[in-house]
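The block underneath contains the structure these notes are about, expressed in structure tokens.
Letters A, B, ... are given to chains in the order of the sequence lines, protein chains preceding strands, and every chain is numbered from 1. Below, each value reflects all heavy atoms present in this structure, side chains not excepted, and no hydrogens, waters or symmetry copies.
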Amino acid sequence: LGHLRNIFLGASVAEILRAVGHKVVRTQVINDRGIHICKSMLAWEKFSPVNARGERETPANTGLKGDKLVGKYYVEFDRALQIEAKAIMAQWQSGNFSDTPTSIEEAVLNFEKAKEGKDEKAIAALDDKIKELAKNQTAILREAKEMLVKWEARDPQVYLLWTTMNGWVYAGFDQTYAQMGVSFDKLYYESDTFLLGKDQVMEGIKSGVFYQKPDGSVWIDLTADGLDEKLVLRSDGTAVYMTQDIGTAIDRFKDFPDLHGMVYTVGNEQDYHFKVLFLILQKLGYAWANNCFHLSYGMVDLPSGKMKSREGTVVDADDLMAEVIEKAKEMTQERGHLEGLDNDAREQLYTQIGLGGLKYYLLKVDPKKRMLFNPEESIDLTGNTGPFLQYAHARISTLLEKAAYVPTPLSLTAPMRPEEKEIIKQLALFGTTLEEAAKGYSPALLANYSYELVKLYNTFYQSVKIVIEPDAAVRQFRLSLSATVRQVLAQALGLLGVEAPQRM
RNA sequence: GGUCCCGUAGCUCAGCUGGAUAGAGCAACUGCCUUCUAAGCAGUAGGCCACAGGUUCGAAUCCUGUCGGGAUCACCA
């Protein structure tokens, strides 16, 4: 869900910035490198069943989406890790500390002592610490780490496996993005950019921005800036998230030299990370670092509480989209204004309504705020929802069609009813709303604007005759007012990534 | 514990660069389709804007404190 908010938000903000005249390049960093990939690879090698033809599981022979298959083995890895860690902890409990550093032995003894003391907080803290220590003692995690080192050294075998499994993931992602209706101008792969990041770190050591500890790890001291010391390279020489992000940022400015700045659409749990990243880039001497902005959006909660991937309480993007489209189909068939539409057009409409509703639901809330995702409300059609706006658009469309409307400029001097004046006022606000949305990186402003506009229009629509208005001048005025509303609405919806159907 | 974010109707959210009776939607209840799509419209009910101070002619909005919720402080990403 967080991922959906991220994608839709990023896509919408890009469109909004374009609409106010900025040149926008939309990029995405593909997280194709790191210990997490190695975990999946290792688990797949270890646990994937072999079929009669001697093949391990693949998207082709299981029918699973590639990213799902790889994700499955990430979970498998974690399960195996837990089991091994538990066994190790059991050993420690029984007093067996062979092959264990004395520091761990001490920690366990402290833990036992704390339990006698009944200090809940201390017990919990030590418990976490011991679990962490146990995990680090497992053979399987060690293997994964070794794999990462091999990967960074371009070990052919590891690299082949990595290429294969990554291919599966990308294929899965492509499918999902296509369904979402979003695309990127350029993708950056961590596997390409982390090396540049490492180079930067090396140079940064020379220039004194970073320093190396005796164990070989590289750090930056940000205590003078009110932050902490931050690791930028592990003691085994491998890159961390930050290393890669440094490289990616620089890479992008190399690719697009006239770039003014960058907007990072990333969840607010990474506020600290970006504070540090921008500071590092400044210290490395990149002037554009001052024009980097972290568009930090709030988490998406479920009514049932926090989502945890390990507990299976996450909402899967593909499933959710399918569900929302299915629901749109049911509701649309119930209402039925579909005469004359062929099957393809109908299916397309269900998708437009379902996804439009989902996008609008996620975008109508101020990005900065955390929001609650209520699965039932996300597919609502009434009130402040995507389908409500789409419906207004469709209704005006058929109205204009019936009237055989010929576009004429909207006369602002014509005698007007109060409802009509209100609409004109709201229409006049579009420009400033768009500017504010761009300035504040907030599609929510456009969403709320559109909703207001449609409410005003609906009031008008219900209270007057339009097509059947006998007075030709009045009729023409109302038609061109309707056409203007439709045009603005279509533009606003477009900026939100919500499609505006001609009928529904 | 340090840092950051949040607290507005039963629920989800607007409003927050100070301005008059604080707005929507959902849920509940009333009405309105032999006029253009009722996925709509009109209406009723529902609020000490977390709490306490302060600034101001004026505070939901700005400041301080308290309480409550969340995030973060990894050789994870």
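- Atom OH of A:Y461 and atom C1' of B:C36 are 5 Å apart (whole Å).
- Residues forming a ring-ring contact (aromatic ring centres under 6.0 Å, His included) with A:Y457 (at least two apart in sequence, or on another chain): A:F460.
- Comparing B:U12, B:A39, B:G15 by their closest approach to the side chain of A:T332 singles out B:A39.
- Using a 90° window around 0 for the glycosidic torsion, B:C57 falls outside it and is classed as anti.
- Side-chain atoms of A:S235 and base atoms of B:C75 include a donor and an acceptor less than 3.5 Å apart.
- Every residue two or more places apart in sequence or in another chain that forms a ring-ring contact (aromatic ring centres under 6.0 Å, His included) with A:Y451 is listed here: A:F388.
- Judged as a side-chain contact (heavy atoms from CB on, under 4.5 Å), and not counting sequence neighbours, the contacts of A:S442 are A:P367, A:A444, A:L445.
- The listed nucleotides are B:C41, B:A14, B:C75; the one nearest the side chain of A:S217 is B:C75.
- Of the candidate nucleotides B:C6, B:A39, B:A42, B:A39 has the atom nearest to the side chain of A:Y391.
- Residues passing the salt bridge (Lys or Arg N to Asp or Glu O under 4.0 Å) test with A:K198, sequence neighbours excluded: A:E152.
- Base engagement by A:M504 is indicated by at least one non-hydrogen atom pair under 4.0 Å involving a base atom.
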Original post:
Could you run down nucleotides 25-34 of chain B 5' to 3' and tag each one B, S or - for protein heavy-atom contact under 4.0 Å?
Top reply: SS--------

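- Under the side-chain contact (heavy atoms from CB on, under 4.5 Å) criterion, A:A139 pairs with A:E84, A:R142, sequence neighbours left out.
- The stretch residues 353-368 of chain A touches RNA chain B through A:I353, A:V365, A:D366, each having a heavy atom under 4.0 angstrom from the strand.
- The aromatic rings of A:W168 and A:W44 sit perpendicular, their planes meeting at an angle over 60°, well past the 30° parallel limit.
- The ring pair (Phe, Tyr, Trp, His ring centres under 6.0 Å) analysis of residues 364-387 of chain A, with sequence neighbours excluded, yields the pairs A:Y361-A:F373.
- Not a single donor-acceptor pair under 3.5 Å links the side chain of A:R234 to the backbone N or O of A:V240.
- For A:E401, there are no side-chain contact (heavy atoms from CB on, under 4.5 Å) partners two or more places apart in sequence or in a different chain.
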Side chains of residues 422-431 of chain A: which donor-acceptor partners sit under 3.5 Å, not counting sequence neighbours?
| residue | atom | partner | partner atom | Å |
| --- | --- | --- | --- | --- |
| A:E422 | OE2 | A:K425 | NZ | 3.3 |
| A:Q426 | NE2 | A:Y449 | O | 3.2 |

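- Against RNA chain B, the stretch residues 465-473 of chain A makes heavy-atom approaches under 4.0 Å through A:K465, A:I466, A:V467, A:I468.
- Contacts of A:K283 classified as side-chain contact (heavy atoms from CB on, under 4.5 Å), with partners at least two apart in sequence or in another chain: A:V209, A:I220, A:L222, A:D225, A:L279.
- Atom CG of A:N458 and atom P of B:C41 are 4 Å apart (whole Å).
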